[in-house]
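Each remark here refers to the structure printed beneath this line.
For the single chain, residues carry numbers from 1 onward in sequence order. Note that these values count all heavy atoms, side chains included, but never hydrogens, waters or copies made by symmetry. These figures come from a predicted structure and were not determined experimentally.
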Amino acid sequence: MQTETTTRTPPLPSRLPAVGTTIFTVMSALAAERGAINLGQGFPDFDCDPTLVGHVHAAMSAGLNQYPPMAGVPALREAVAAKVARLYGRCYDPATEVTVTAGATQAILTAILCAVHPGDEVIVLEPCYDSYVPNVELAGGRVVRVPLTPRTFRPDFDRIAAALSPRTRMIVVNSPHNPSATVWTREEMQRLEALLAPTDVLVVSDEVYEHMVFDGGQHVSASSLPGLAARSFVVSSFGKTYHVTGWKVGTVVAPSPLTAEFRKVHQFNVFTVNTPVQHGLARHLADPRPYLELPAFYQRKRDLFLDGLRQTRLVPLHTQGSYFQLVDYSGVSDLPEAGFCQWLTREVGVAAIPLTAFYEGGLEQRLARLCFAKRDETLQAALERLQRL
């Protein structure tokens, strides 16, 4: 006689017990369900340059489809180093100081995992991109949250200085900033440089929107200040720059001692990044016009969107960079931010993201984030709906 056996999945204590379904997933699903125009998603709805696709196709056709070197295709690393030197004046060694990554999110995770040990403190400036805090927690670090100045989102250096302690291992900074669209000035970057000078604190500088700075402004890379460059993992994104977010290719530049530790982790969490895309990107980087023309490209979209928003009851905040626009909806509704964004999606047919999603526990400011990296027709259709508010 056989005895009946039962199967049981063993319990698995969560490494990220506070993480559930993100607001981004919730809002995108709601937008799809209601047929809303999705301005919550932070990626373009238009195609990339067909020349870039041609470069990748040529690489595939030439048989460049096997593993590349762990750190990335040499030609791409050389092109990245040349670009950084040309734009920011810092010469990185392509062999020992430039690494190609599976997007910026993997780059940030790897930088944190290689540097942060259990019990180390990491300063995160809120509101912030949603991967920063879970990355620190996965490394066993302690997150120290410092708010940017509400409404202006400028860094508060007195608060940053007060947050520094003997246990501080790293600070994560982001300019141009998601979600607020502010851009750090040279003076602010210099203040950070001076503040950290007497410490051993490392920096993750998230610069994925580096080529989206408007009104004649300038992106000030951590690479451009010697005191910051010496302690920074500087993260960039081909996905953002070339409208190919789904390709998930980015780079990290850092001094060779930091890069050596970065690559120890990189080789075991992704090993390397797909070969033909790297070769295609290397060829595309030879022409600087696509990224040099990007500020004007997105400023035109920002201005088109702003002109339309001014005919609504929403009040746009100033957008200095990135492809995001914050709007104050307090003249429309007294709902909390998450409730307003859900109402806007259901009843108006435009999806947005509440700013509270970028804070621990939320900070209600009656602000919502919209993305203008969309076709003009998409933006015009959304504006027509918003003008009926």
Side-chain angles (χ1 to χ4, degrees), residues 68-74 76-124 132 135-136 138-142 144 164-175 189-190 192-208 210 220-237 249-273:
M70 176 268 289
V73 167
L76 182 54
R77 286 184 278 140
E78 290 163 7
V80 168
K83 175 191 161 189
V84 172
R86 183 167 57 248
L87 293 181
Y88 307 127
R90 174 81 177 187
C91 293
Y92 289 93
D93 182 343
T96 62
E97 298 183 319
V98 181
T99 307
V100 181
T101 62
T105 301
Q106 181 254 319
I108 294 165
L109 172 63
T110 302
I112 290 171
L113 287 177
C114 83
V116 176
H117 296 255
D120 286 348
E121 294 178 353
V122 178
I123 295 174
V124 171
Y132 298 166
N135 289 178
V136 175
L138 286 171
R142 176 176 173 264
V144 177
L164 290 169
S165 81
R167 299 194 69 86
T168 306
R169 188 63 180 142
M170 178 179 281
I171 180 170
V172 183
V173 298
N174 173 212
S175 176
M189 294 295 283
Q190 288 172 334
L192 180 66
E193 180 183 42
L195 182 63
L196 299 182
T199 77
D200 290 329
V201 174
L202 299 172
V203 176
V204 170
S205 188
D206 180 352
E207 303 183 13
V208 300
E210 63 186 309
V220 183
S221 174
S223 301
S224 69
L225 284 76
L228 287 181
R231 64 177 73 238
S232 293
F233 300 92
V234 181
V235 178
S236 297
S237 166
V249 184
T251 59
V252 170
V253 296
S256 55
L258 301 185
T259 295
E261 294 304 313
F262 180 93
R263 289 179 180 176
K264 288 179 183 179
V265 176
H266 174 77
Q267 70 181 332
F268 292 120
N269 64 8
V270 296
F271 178 62
T272 193
V273 178

Open item on the list: Quick one, T99 with T259, criterion side-chain contact (heavy atoms from CB on, under 4.5 Å). Give me CA distance, side-chain angles, the key distance, then yes/no.
Closed with: CA-CA 8 Å; T99 307; T259 295; 3.7 Å; yes
Open item on the list: I'd like to know if the side chain of S224 and the backbone of V220 have a donor-acceptor N/O pair within less than 3.5 Å.
Closed with: no
Task: Derivation and outcome, side-chain contact (heavy atoms from CB on, under 4.5 Å), residues D120 and M170 - done: CA-CA 8 Å; D120 286 348; M170 178 179 281; over 6 Å; no
- [ ] Assess the side chains of Y92 and S256: does a donor N or O sit below 3.5 Å from an acceptor N or O?
- [x] no
Task: Atom pair OG1/CZ of T272 and R263 - distance to nearest 0.5 Å - done: 10.5 Å
Task: Passing option when V265 is tested against L109, L113, I112 for side-chain contact (heavy atoms from CB on, under 4.5 Å) - done: L113
Open item on the list: Quick one: does any side-chain atom of T101 pair with a main-chain N or O of G103 as donor and acceptor, under 3.5 Å?
Closed with: yes
Open item on the list: Show the nearest heavy-atom pair for residues F233 and A254, with the distance to one decimal.
Closed with: CD2-CB, 3.9 Å
Open item on the list: Determine whether a donor-acceptor pair (N or O, by modelled atom type, separation under 3.5 Å) exists between the side chain of R169 and the backbone of H117.
Closed with: no
Open item on the list: If you define the side chain from C-beta out and look only at heavy atoms, does anything of D93 sit under 4.5 Å from V98?
Closed with: no
Task: Pairing of R142 and E121 as salt bridge, 4.0 angstrom limit - done: yes
Task: side-chain contact (heavy atoms from CB on, under 4.5 Å) between L192 and I171, intermediate numbers included - done: CA-CA 10 Å; L192 180 66; I171 180 170; 4.3 Å; yes
Open item on the list: Would the distance check show the side chain of R231 and the main-chain N or O of T199 forming a donor-acceptor pair, the cut-off being under 3.5 Å?
Closed with: yes
- [ ] Start with the C-alpha gap between Y132 and V122, add the side-chain angles, then the distance that decides, and say whether side-chain contact (heavy atoms from CB on, under 4.5 Å) holds.
- [x] CA-CA 10 Å; Y132 298 166; V122 178; over 6 Å; no
TODO: Any chance you could measure L228, atom CG, to L202, atom CG, to the nearest 0.5 Å?
DONE: 11.5 Å
Open item on the list: Side chains of V100 and V249, heavy atoms from C-beta outward: is any pair under 4.5 Å?
Closed with: yes
TODO: Measure the spacing between SG of C91 and CD of E97 and express it to the nearest 0.5 Å.
DONE: 10.0 Å
- [ ] Kindly give the heavy-atom pair with the smallest separation between V273 and A102, and that separation in Å.
- [x] CG2-N, 3.5 Å
Task: Closest non-hydrogen atom pair, R90 against S223 - done: CB-O, 3.2 Å
Task: Any V204 side-chain heavy atom under 4.5 Å of V173 side chain - done: no
Task: Smallest separation among heavy atoms of A107 and V252, with atom names - done: CB-CG2, 3.3 Å
TODO: Return yes if some donor-acceptor pair links the side-chain N/O of R77 with the main-chain N/O of P94 below 3.5 Å, else return no.
DONE: yes
Task: Validation row: E210, Y88 side chains within 4.5 angstrom (heavy atoms) - done: yes
Open item on the list: Given 3.5 Å as the limit, does a donor-acceptor pair link the side chain of T168 with the main chain of S165, or not?
Closed with: yes
- [ ] Identify the two heavy atoms, one from A230 and one from L258, that lie closest to each other, and give their separation to 0.1 Å.
- [x] O-CD1, 4.3 Å
Task: Heavy-atom closest pair, residues A222 and V234 - done: CB-CG2, 4.0 Å
- [ ] Report yes if some heavy atom in the side chain of L225 is under 4.5 Å from a heavy atom in the side chain of M189; otherwise report no.
- [x] yes
Open item on the list: Using the rule side-chain hydrogen bond (donor to acceptor under 3.5 Å, both in side chains), only one of S221, S237, S236 pairs with E207; which is it?
Closed with: S221
- [ ] Look at the side chain of H266 and the backbone N and O of M70, then say whether any donor-acceptor pair between them is shorter than 3.5 Å.
- [x] yes
